[in-house]
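Here's the structure, in structure tokens; my notes come after.
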Protein chains: 2
Amino acid sequence: MKHEAIRKSFERFLRTRDLKLTSQRSRIFERAFSTHEHFSAETLYDWLREEEGPKVSRATVYRTLGLLLEGRFIQSLDVGRGELVYEHVTGHAHHDHMVCLACGKIEEFHDERIEALQAEASAKRGFVVVSHAHRLVGYCRGCVRKARREDEEEQRFGGGAATE
Amino acid sequence: MKHEAIRKSFERFLRTRDLKLTSQRSRIFERAFSTHEHFSAETLYDWLREEEGPKVSRATVYRTLGLLLEGRFIQSLDVGRGELVYEHVTGHAHHDHMVCLACGKIEEFHDERIEALQAEASAKRGFVVVSHAHRLVGYCRGCVRKARREDEEEQRFGGGAATE
DNA sequence: TTTACTGCAAATTCTTTGCAACAAC
DNA sequence: GTTGTTGCAAAGAATTTGCAGTAAA
């Protein structure tokens, strides 16, 4: 689905629920869908603050994210501790995540075979799946390389004690 | 690994880090490992409050959970929004989770084939996995049945509008 | 004009922390 | 005795909420 169609869908969503299309909601929606990055409520709030346009308060960001979530336009994912992170789901194929502990980058991956096995496991238990979260936590290729380089240098120059 | 051995391992863990085995830590450890249920910090705190023994404050519960986490005796999992939930990992085979939205029950499942595909996906991207969280969210068999029965009764007796 | 929306600041929820008294080692 | 621990209450971080003014429809 392309941007234009998604926006229409959001407007329809608001109308069916007798909600109003305010300039704040519009800005939040546009900003959230103009990126392919994952973002937290705070990040989105910061973006909106830096860019020009009608003022949007933090409370409204949270409230609108709630709406987008209900409408299944976006999806939240828990990336370790702390704040929730969002990504748009409409117009974006389903996928799972790999979260890098060092740089925070979130890579997406997808494997039909895993999905099939998941379906099999839940069917066997009579469990009806509404959504699923599949997250691998570790170190991405770039950070692993970087760490390896640093280890080598440490060896070469003789470093101090290893600290965390 | 059986209980006795796990406790020894915990004591060893404390000793290597020059930490002390206090009655509070001991109680928290014993309580956490005496159940196969998943628990939150608050739940654990409540258990300790109801049962008799040396007083344990909420702060100490959090601090000790932190220690157990560092020592990989327990593992945390994000079950939807809000608080973190813990389970012991030592002496317990690896598994994934199905979380029921209706009753909150957490079922465990495991499939070697999924693990293998996960390993394949991460290897392909040069991603080094430290841990993973795989969670299916939905409705368990019991709750699905219950909901179905209620739907049938609603039809039979003619219910009002469906509300959330 | 009606009904919903927004910003603000205060409230909540979960978790962490500073500090003085206290208990392992 | 030392050094790490505890409880308490206050602090923090993320998110929610009550309310009076404001803006869509």
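Proteins come first, then strands; the chains are lettered A, B, ... in the order of their sequence lines, and each starts at number 1. Since the model is a prediction, treat every value here as computed from it, not as a measurement.
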Legend entry - Among A:Glu50, A:Glu51, A:Glu37, salt bridge (charged side-chain N to carboxylate O under 4.0 Å, His left out) partner for A:Arg31: A:Glu51
Inset, instruction - Give the rounded distance in Å between these two atoms: CG of A:Asp18 and P of C:dT3. - result: 11 Å
Inset, instruction - Measure across A:Ser57 and A:Tyr45 and return the closest heavy-atom pair with its distance rounded to 0.1 Å. - result: C-CE1, 3.8 Å
Legend entry - Distance-only donor-acceptor check, side chains A:Glu87 and A:His95, under 3.5 Å: yes
Inset, instruction - Measure the distance from CG on B:Leu65 to P on C:dT15 and round it to the nearest whole Å. - result: 9 Å
Inset, instruction - Would you kindly give the CG-to-P distance between B:Leu14 and C:dA24, to the nearest whole Å? - result: 13 Å
Inset, instruction - Could you say whether B:Lys20 or B:Arg63 is positioned toward the 5' end of DNA chain C, judged by the nucleotide with the nearest heavy atom to each? - result: B:Arg63
Inset, instruction - Would you tell me whether B:His134 and B:His110 have side-chain atoms, one donor and one acceptor, within less than 3.5 Å of each other? - result: no
Inset, instruction - Specify the separation, in whole Å, of atom CG of B:Leu19 and atom P of C:dC25. - result: 11 Å
Inset, instruction - Provide, to the nearest angstrom, the distance between the OH atom belonging to B:Tyr86 and the P atom belonging to C:dC14. - result: 12 Å
Legend entry - Ring centroid separation B:His88 to B:His3 under 6.0 Å: no
Inset, instruction - For DNA chain C, determine which residues of residues 53-62 of chain A have any heavy atom closer than 4.0 angstrom to one of its atoms, and list them numerically. - result: A:Lys55, A:Val56, A:Ser57, A:Ala59, A:Thr60
Inset, instruction - Would you kindly give the CZ-to-C1' distance between A:Arg17 and D:dA25, to the nearest whole Å? - result: 18 Å
Legend entry - Ion pair check, B:Arg148 and B:Glu152, cut-off under 4.0 Å: no
Inset, instruction - Measure the distance from CG on B:Leu67 to P on D:dT6 and round it to the nearest whole Å. - result: 9 Å
Inset, instruction - Taking only heavy atoms on the protein side, list every residue of residues 24-49 of chain A lying under 4.0 Å from any atom of DNA chain C, sorted numerically. - result: A:Gln24, A:Arg25
Legend entry - Ring centroid separation A:Phe33 to A:Phe10 under 6.0 Å: no
Inset, instruction - Provide, to the nearest angstrom, the distance between the CG atom belonging to A:Leu84 and the C1' atom belonging to C:dC14. - result: 13 Å
Inset, instruction - State whether a side-chain donor-acceptor pair under 3.5 Å links B:Ser26 with B:Ser23. - result: no
Legend entry - Residues, nucleotides or ligands: over 12 heavy atoms within 6.0 Å of A:Arg72 CZ: no
